[in-house]
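What follows is a single structure, written as structure tokens, with notes after it.
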Amino acid sequence: NNDTEDEERLWRDLIMERVTKSADACLTAINIMTSPNMPKAVYIEDVIERVIQYTKFHLQNTLYPQYDPVYRVDPHGGGVLSSKAKRAKCSTHKQRVIVMLYNKVCDIVSSLSELLEIQLLTDTTILQVSSMGITPFFVENVSELQLCAIKLVTAVSYF
């Protein structure tokens, strides 16, 4: 039983290391694109879409469930609890790697708003970005992300 717990912890650490490296790669790509005087060849639509997909996925599947218990799925399939009951049972302790991912995602969202001011994006991409910018306002305990989302929604509204 102890070996399985150790193995599970190692597996979780490996996954979170990959997630963190992917967040770093997204941040690097966005930082390059938002640097001053970049040539048009740098703004690769596929890279921008992948960054948006990565960010949306981890917001919905990793960060929102960690910060707002209403977004958690009960692994045991227990009874349906109200949102107030879920929040009352919630622990406020976050793993260090989750906090690091949260900060990186906030940076990505903020940088995407800067990118919108620089580069014109397709309608499909704008729809993805706008849904990503609006969703944090329905999640509790993500105030920094909400501030970044305000900046993102404002940049989207200019188009």
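Every value quoted in this text rests on a predicted model; they were computed, and no experiment measured them.
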For residues [X] and [Y], report the shortest heavy-atom separation together with the two atoms involved.
X: A29; Y: V47; value: CB-CG1, 3.9 Å
X: T55; Y: V51; value: OG1-O, 2.7 Å
X: S130; Y: V156; value: CB-CG1, 3.9 Å
X: S35; Y: M38; value: O-CG, 3.3 Å

With the 4.5 Å side-chain cut-off for hydrophobic clustering, are [X] and [Y] part of the same group?
X: L121; Y: Y43; value: yes
X: L127; Y: I108; value: no
X: I48; Y: F57; value: no
X: L152; Y: I118; value: yes

4.5 Å side-chain heavy-atom contact, [X] and [Y]:
X: T34; Y: I30; result: yes
X: L63; Y: Y71; result: no
X: Y67; Y: L145; result: no
X: M132; Y: L112; result: yes
X: E114; Y: K151; result: yes
X: T20; Y: V97; result: yes
X: L59; Y: V105; result: yes
X: T4; Y: E7; result: no

With D46, which residues qualify under salt bridge (charged side-chain N to carboxylate O under 4.0 Å, His left out), at least two apart? R50

Before giving the answer on side chain to side chain contact (heavy atoms under 4.5 Å, CB included), spell out for T62 and Y102 the whole-Å C-alpha distance, their side-chain angles and the decisive distance to 0.1 Å. CA-CA 9 Å; T62 308; Y102 175 76; over 6 Å; no

Flag, side chain of Y54 to backbone of V19, donor-acceptor distance under 3.5 Å: yes

Got a second to check how far [X]'s [atom1] is from [Y]'s [atom2], nearest 0.5 Å?
X: R96; Y: M16; atom1: CZ; atom2: CE; value: 10.5 Å
X: K21; Y: T28; atom1: NZ; atom2: OG1; value: 13.0 Å
X: C26; Y: N31; atom1: SG; atom2: CG; value: 11.0 Å
X: I150; Y: S110; atom1: CD1; atom2: OG; value: 12.0 Å
X: Q146; Y: C148; atom1: CD; atom2: SG; value: 10.5 Å
X: L115; Y: M33; atom1: CG; atom2: CE; value: 6.5 Å

For atom CG of D123, decide whether the heavy atoms of other residues, nucleotides or ligands shown that lie under 6.0 angstrom number more than 12. no

Residues T154 and S157: side-chain donor-acceptor under 3.5 angstrom: no

Under 3.5 Å, is there a donor-acceptor pair between the T135 and K56 side chains? no

Would you check, one step at a time, whether the test side chain to side chain contact (heavy atoms under 4.5 Å, CB included) holds for Q95 with I98? CA-CA 5 Å; Q95 295 176 2; I98 295 293; 4.0 Å; yes

When you look at L116 and Y158, which way does the side chain to side chain contact (heavy atoms under 4.5 Å, CB included) test go after all the steps? CA-CA 9 Å; L116 285 173; Y158 283 125; over 6 Å; no

Look at R9 together with E5 and state whether they make a salt bridge at an N to O cut-off of under 4.0 Å. no

One pair to check against side chain to side chain contact (heavy atoms under 4.5 Å, CB included): D68 and F138. What are the steps and the verdict? CA-CA 10 Å; D68 191 346; F138 300 102; over 6 Å; no

